[in-house]
Participant: 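Structure provided below as structure tokens; questions to follow.
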Number of protein chains: 2
Amino acid sequence: MKKLLLASTSTLFGERYLEYILQDVALFFKDVDTVTFIPFARPGGISHDDYTEIAAKAFAKIDKKVIGLHTYKNHKEGIDQAQAFFCGGGNTFVLVQQLYSQNAMQHLKERITNGTPYMGTSAGSNIAGITMKTTNDMPIVYPPSFDTMHLVNFNINAHYLDPDPNSKHNGETRETRLKEFHAYNNTPVVGLREGSFLLVTANTIELKGKHTARIFEVNKTPYESKTIDF
Amino acid sequence: MKKLLLASTSTLFGERYLEYILQDVALFFKDVDTVTFIPFARPGGISHDDYTEIAAKAFAKIDKKVIGLHTYKNHKEGIDQAQAFFCGGGNTFVLVQQLYSQNAMQHLKERITNGTPYMGTSAGSNIAGITMKTTNDMPIVYPPSFDTMHLVNFNINAHYLDPDPNSKHNGETRETRLKEFHAYNNTPVVGLREGSFLLVTANTIELKGKHTARIFEVNKTPYESKTIDF
């Protein structure tokens, strides 16, 4: 039975890494004592070791050990040995390129589909969707495909941000970008605001946190929702 | 002799399409009476015809006729017949995918390198750089490559936006994204604020508009500059 925790962000403004969600994370991972961390998105280009250390510090507070997937030369071996996964945020293009390099995307998908718990934040949540085509990240590397794990039947837009009514800047709003997405794709998109996360078990999806989600479907006006029904 | 006008945006807040730059555009295109418009980036998914109509209206004010490149079934033919080019903004991924579909990127590059004037705004300016890896756009389609025309020896970041000191949102700032870019790439990046544009002739590059540009180079602190020396 699939078990996913997909969060919009790792960190709320002014808080520590995972602080806002730590009790939910403890509950989610209650049956494991070690979590395999996927550091490949490495935000700001920090090293895999440094990024894993950040995750390990947060998980130590809930008495979980963290192992970096990058410490296995053979990623499949690391994936096969994992009790549970946490994939951190950063750049989705970098993450996806790396996950394709040793066919890790497919191995990861198989283990998660078979019931190994998977938690993602930001880029780590994006890759649970059908494609990475609704990432906000800059395309700093060229991955072999934009297809991701398809663990849920929709795409996620992390760090979803409402349009700023006072903006005098002509860069597109998030809503405009997602409208453009639907000029070329039919996949529904769940816009997850910071502080929101999805708990997915088998066929139920719970939206947690204080915000509603903004839902984008092809040929429909975007709308707010407390439930995810795809 | 190469002749380029590369603008950050087509439209300043509260103004009409190309209004802020129209006299410079008239001067840039003074030797031609017809401009071939490349509508492929089609912002918000509008049709190629509608987008061309928007460009045609603005160019009518400076007595230039506009032909949409999409009206040629064979894009090479349209490119061969053009007196000058204007490539509008929208989604860079869509634009690049379309330009690769009939090898138009290569044909376009050849004609521009041989002296046919080229003007771009936003996505249209991005493709004058070495790669599209510093676009702000959402990857809504998967192009066969991120390589672009390499008409200048750097990448452009259009709609460059300074960090908002009051933001409580954890999505990356533009500066963070460009720092990540340099964890994987050596290409210098010119951050062009809205209202700024580059005039390129042979080997001289002039920065026009009232803003300085923000320059990002690998292993250097980003800095402001009134000149572009790459």
Side-chain angles (χ1 to χ4, degrees), chain A residues 8-15 41-47 89-94 96-97 121-122 131-147 157-162 164 167-172 174-185 193-195, chain B residues 8-15 41-47 89-94 96-97 121-122 131-147 157-162 164 167-172 174-185 193-195:
Chain A
S8 173
T9 189
S10 61
T11 316
L12 291 185
F13 183 75
E15 292 192 8
R42 49 188 213 123
I46 64 168
S47 76
N91 186 288
T92 310
F93 293 86
V94 174
V96 167
Q97 189 194 47
T121 58
S122 193
T131 70
M132 57 164 285
K133 290 181 179 174
T134 51
T135 177
N136 310 310
D137 297 335
M138 197 169 260
I140 58 179
V141 298
Y142 184 70
S145 167
F146 286 166
D147 291 342
N157 180 252
H159 305 281
Y160 181 75
L161 194 61
D162 293 294
D164 173 2
S167 175
K168 295 188 173 178
H169 187 261
N170 283 298
E172 295 87 354
R174 193 68 57 81
E175 190 151 324
T176 303
R177 288 167 196 270
L178 292 169
K179 184 183 162 195
E180 284 184 1
F181 171 77
H182 279 136
Y184 298 90
N185 302 274
R193 294 184 175 86
E194 294 188 344
Chain B
S8 174
T9 189
S10 60
T11 316
L12 290 185
F13 183 76
E15 292 192 8
R42 49 188 212 123
I46 64 168
S47 75
N91 186 288
T92 310
F93 293 86
V94 173
V96 168
Q97 190 195 46
T121 56
S122 192
T131 70
M132 57 164 286
K133 290 181 179 174
T134 52
T135 176
N136 310 309
D137 297 336
M138 197 169 259
I140 59 180
V141 299
Y142 184 71
S145 167
F146 285 166
D147 291 342
N157 180 253
H159 305 281
Y160 181 75
L161 193 61
D162 293 293
D164 173 1
S167 174
K168 295 188 174 179
H169 187 261
N170 281 298
E172 293 87 354
R174 193 68 58 79
E175 190 152 324
T176 304
R177 289 167 196 270
L178 292 168
K179 184 182 161 196
E180 283 184 1
F181 170 77
H182 279 136
Y184 299 90
N185 302 273
R193 294 184 176 87
E194 293 188 344

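Numbers restart at 1 for each chain; the letters A, B, ... are given by sequence-line order, proteins then strands. This is a predicted model, so every value here is computed, not measured.
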Participant: With a 4.5 angstrom heavy-atom cut-off, is it the side chain or the backbone of B:Asp137 that approaches chain A, or both, or neither?
Facilitator: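 Answer is both: backbone and side chain atoms of B:Asp137 are under 4.5 Å from chain A.
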
Participant: Can you list everything that forms a ring pair (Phe, Tyr, Trp, His ring centres under 6.0 Å) with A:Phe93? Sequence neighbours excluded, please.
Facilitator: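 Testing A:Phe93 for ring pair (Phe, Tyr, Trp, His ring centres under 6.0 Å), a comparison that skips the adjacent residues, returns A:Phe146.
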
Participant: Select, from B:Met132, B:Met138, B:Arg42, the one with the greatest count of heavy-atom pairs under 4.5 Å involving chain A.
Facilitator: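 Counting heavy-atom pairs under 4.5 Å, the top option is B:Met138.
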
Participant: Most heavy-atom pairs under 4.5 angstrom with chain B, which of A:Asn157, A:Val141, A:Leu178?
Facilitator: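 Greatest number of close heavy-atom pairs with chain B: A:Val141.
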
Participant: Does A:Asp162 pair with A:Arg174 as a salt bridge, N-O distance under 4.0 Å?
Facilitator: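 Salt bridge: no.
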
Participant: Is the backbone N or O of B:His159 less than 3.5 Å from a side-chain atom of B:Ser8, with the two atoms forming a donor-acceptor pair by type?
Facilitator: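 Here the side-chain-to-backbone pair exists.
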
Participant: Under a 4.5 Å heavy-atom cut-off, does chain A meet the side chain of B:Asn185, its backbone, both or neither?
Facilitator: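 Only the side chain of B:Asn185 comes within 4.5 Å of chain A.
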
Participant: Show your working on side-chain hydrogen bond (donor to acceptor under 3.5 Å, both in side chains) between A:Ser10 and A:Thr121 and close with a plain yes or no.
Facilitator: CA-CA 6 Å; A:Ser10 61; A:Thr121 58; 4.8 Å; no

Participant: If we define contacts as heavy-atom pairs under 4.5 Å, which of A:Pro43, A:Ser122, A:Gly89 has the most with chain B?
Facilitator: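 Going by pairs under 4.5 Å, I would pick A:Pro43.
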
Participant: Taking only residues two or more places apart in sequence or in another chain, which ones pass ring pair (Phe, Tyr, Trp, His ring centres under 6.0 Å) with A:Tyr184?
Facilitator: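 A:Tyr184: no ring pair (Phe, Tyr, Trp, His ring centres under 6.0 Å) contacts found.
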
Participant: Within the 4.5 Å heavy-atom criterion, are B:Phe181 and B:Lys133 side-chain neighbours or not?
Facilitator: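 When only atoms from C-beta onward are counted, B:Lys133 and B:Phe181 do touch, with a gap below 4.5 Å.
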
Participant: For the interface with chain B, which of A:Thr176, A:Ile46, A:Thr92, A:Asn136 has the highest count of heavy-atom pairs at distances below 4.5 Å?
Facilitator: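 Of the options given, most contacts go to A:Asn136.
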
Participant: Taking side chain as everything from C-beta outward and backbone as N, CA, C, O, which of these in A:Ser145 sits under 4.5 Å from a heavy atom of chain B? Side chain, backbone, both or neither.
Facilitator: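 Contact with chain B involves the backbone of A:Ser145 alone.
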
